[in-house]
Number of protein chains: 2
Amino acid sequence: MAAEGHADGTVGKALDVLDMVASHGRPVRFSDLLTQSAYPKATLYRLLQTLTHQGMLTLDPDTGAYALGVRLVRLAHAAWAQSSLAPIARPYLDELAAKTGETIHLAQMDLGQVLYVDKRNAAKPVEMFAQAGKVGPAYCTGVGKAMLAYLPPEALEAALARQSFYRHTPHTLASREALLAELQAIRTRGHAWDREEHETGIICCAVPILSRSGRVIGALSVTSTTARTTLDTLGALAPTIKDIAAKIAAEAESWRFPEQV
Amino acid sequence: MAAEGHADGTVGKALDVLDMVASHGRPVRFSDLLTQSAYPKATLYRLLQTLTHQGMLTLDPDTGAYALGVRLVRLAHAAWAQSSLAPIARPYLDELAAKTGETIHLAQMDLGQVLYVDKRNAAKPVEMFAQAGKVGPAYCTGVGKAMLAYLPPEALEAALARQSFYRHTPHTLASREALLAELQAIRTRGHAWDREEHETGIICCAVPILSRSGRVIGALSVTSTTARTTLDTLGALAPTIKDIAAKIAAEAESWRFPEQV
DNA sequence: GACCAAGTTTCAAATAGTGAAACCGACGGG
DNA sequence: CCCGTCGGTTTCACTATTTGAAACTTGGTC
């Protein structure tokens with residue numbers, strides 16, 4: 001999380017600092033950040049000041065600790081509403097959840113990682129935003145592989161370079177080669193499996209959400225447990241999932257550019 | 001929204017651009033932003049490039065339109081979880097909603113504006129994040145006035161300077177003087193009313209959430225309609241609301257700085 | 001084929017950012 | 001009571017980054 005290769009300009013550094021503050025789960029002191037960051041004291045200080053002044057961070061006067069500011073929450077709202085697929089997809093997720101009775105995930109790709117932007121839980125009722133925004137690995141999740149499979153070569157390369165290939169379970173595809181073969185299989189099959197590759201007992205069927213021009217804009221998955229379902233049963237849902245994914249894609253396109261062709 | 005007085009440094013400008021993109025409800029073209037912003041072409045172009053490169057914006061290659069990027073969503077999640085009171089307050093909001101059966105708002109102060117960070121709706125079940133993140137005026141809402149009343153002098157001054165004092169309804173306190181008198185009344189009373197000051201027919205009772213040191217960290221309100229309730233009935237709930245606010249304050253403090261005194 | 005609009009690149013001048021070091025106030029021994 | 005230290009803030013000469021007018025592409029239109 002602190003491994004920076006290319007912090008272009010002052011803006012990059014500032015955002016880097018923002019990430020640093022975000023990565024701690026709680027407000028951080030100046031000195032904590034100082035030891036963690038590569039920036040010299042004065043530079044870090046100024047960056048923090050600027051960010052605070054801009055409302056992206058808050059400096060708690062009682063404790064002298066920095067926390068993420070409210071301006072970020074406000075931007076968050078906008079980001080959530082406009083950038084992510086979540087608001088468009090919501091009714092479709094509901095539909096899919098109702099049809100399947102299983103856990104649904106909606107994800108987007110973020111620099112080689114999977115960002116979950118919305119979710120329907122099989123058991124519990126919907127929780128608030130806290131559930132979304134989580135990130136996960138791409139190489140060993142259904143949604144991750146579904147998106148990787150349809151990435152253009154350069155983007156795929158960039159994404160692959162960021163995979164850890166840690167073997168979470170005995171089923172994890174823990175090498176570049178194994179993953180590439182799997183991606184090929186996904187392309188011919190049209191959907192991706194998660195065969196307990198991330199967590200034992202958890203399986204899922206995922207499909208990519210593609211724009212008309214073939215660009216990956218997200219992925220959709222139905223998750224279950226080996227205790228309750230088999231891959232085959234889940235596979236029977238694939239057409240339904242694809243159908244919903246197509247609807248989401250269509251709506252995303254028309255909603256985002258209504259005046260276009 | 002485009003009125004900038006103090007865009008310090010490059011970072012300020014970049015964040016300004018970010019806001020500009022966010023303020024449009026949809027992806028924006030370069031030229032739209034250009035006409036709107038004061039920045040010269042090349043400058044704006046570079047800022048957009050940097051932000052895009054940093055993942056804060058996305059450039060849709062099909063249409064050449066900029067939208068908020070996923071990195072922002074990720075930061076958003078962190079901001080939501082750690083900066084705002086929402087996650088801490090959630091169970092208490094539920095409790096208050098159950099007790100009162102009315103609409104509950106949890107808000108924080110953001111540069112003279114009220115930022116709603118969570119909500120319980122009387123009628124409908126809880127919606128997703130989309131509901132939170134909304135901003136509203138401070139001078140004519142219950143939560144806004146509750147927070148203003150307990151702000152230190154300089155902060156109050158800064159906040160007042162940003163109020164529009166637009167007369168939304170006949171009951172709106174549309175002058176600085178009227179508002180100041182009201183704030184004094186709120187301090188002695190311990191809670192704030194909204195007497196149909198923002199919307200006709202909507203009333204509410206709000207209390208500030210204060211840290212042990214007396215700093216304003218948020219506000220909590222119970223809202224209803226004149227059709228259903230009176231101010232007096234709502235006022236009877238004031239002790240309950242204060243109680244919940246105190247609990248939230250206590251938890252916020254212990255959660256954020258567990259190792260402190 | 002010339003024209004126009006949108007987007008991208010250039011380059012010298014000017015601004016804004018850098019960071020070693022000095023400074024400050026609070027704390028805690030000795 | 002004084003001295004050393006620790007977290008945080010400020011200074012200032014040095015430099016790298018940012019700036020923006022203008023030139024240049026690209027792609028679509030008449």
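Numbered from 1 within each chain, the chains take letters A, B, ... in sequence-line order. We use all heavy atoms of the structure for the numbers below, so side chains are in, but hydrogens, waters and symmetry mates are not.
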Sorted by chain and number, sequence neighbours left out, salt bridge (charged side-chain N to carboxylate O under 4.0 Å, His left out) with B:R176 holds for B:E157
The side chain to side chain contact (heavy atoms under 4.5 Å, CB included) partners of B:S31 (sequence neighbours excluded) come to B:R29
Students should find that the nucleotides of DNA chain C closing off the region near chain A, any atom under 4.0 angstrom from a heavy atom, are C:dG17 to C:dA20
Applying ring-ring contact (aromatic ring centres under 6.0 Å, His included) to A:Y139 and not counting sequence neighbours gives A:F165
Please determine if a side-chain N or O atom of A:Y45 lies less than 4.0 Å away from the OP1 or OP2 oxygen of D:dT10.
-> yes
In short, salt bridge (Lys or Arg N to Asp or Glu O under 4.0 Å) pairs touching residues 40-52 of chain B with sequence neighbours left out are none
Residue set satisfying salt bridge (charged side-chain N to carboxylate O under 4.0 Å, His left out) with B:E177, at least two apart, ordered chain then number -> none
By side-chain hydrogen bond (donor to acceptor under 3.5 Å, both in side chains), B:R189 pairs with (sequence neighbours left out) none
Taking five pairs at each terminus, the helix from C:dG1-D:dC30 to C:dG30-D:dC1 shows an axis bend, to 10°, of 20°
By side-chain hydrogen bond (donor to acceptor under 3.5 Å, both in side chains), A:K242 pairs with (sequence neighbours left out) none
Would B:R71 and B:Q54 count as having a side-chain donor-acceptor pair, cut-off 3.5 Å? yes
Residues passing the side-chain hydrogen bond (donor to acceptor under 3.5 Å, both in side chains) test with B:S211, sequence neighbours excluded, are B:S213
Whole-Å distance, A:L34 CG to D:dC6 P, equals 14 Å
Pair up each side-chain donor or acceptor in residues 144-156 of chain B with any protein partner under 3.5 Å, not counting sequence neighbours, and list the distances.
unit_1: B:K145; atom_1: NZ; unit_2: B:E182; atom_2: OE2; d: 2.6
unit_1: B:K145; atom_1: NZ; unit_2: B:W193; atom_2: O; d: 2.8
unit_1: B:K145; atom_1: NZ; unit_2: B:E197; atom_2: OE1; d: 2.6
unit_1: B:K145; atom_1: NZ; unit_2: B:E197; atom_2: OE2; d: 2.9

Mind listing the N/O atom pairs, protein and nucleotides 17-21 of chain D, below 3.5 Å?
unit_1: D:dT18; atom_1: OP1; unit_2: A:T10; atom_2: N; d: 3.2
unit_1: D:dT19; atom_1: OP1; unit_2: B:K13; atom_2: NZ; d: 2.9
unit_1: D:dT19; atom_1: OP2; unit_2: B:R46; atom_2: NH1; d: 3.3
unit_1: D:dG20; atom_1: OP2; unit_2: B:T43; atom_2: OG1; d: 3.2
unit_1: D:dG20; atom_1: N7; unit_2: B:R46; atom_2: NH2; d: 2.9

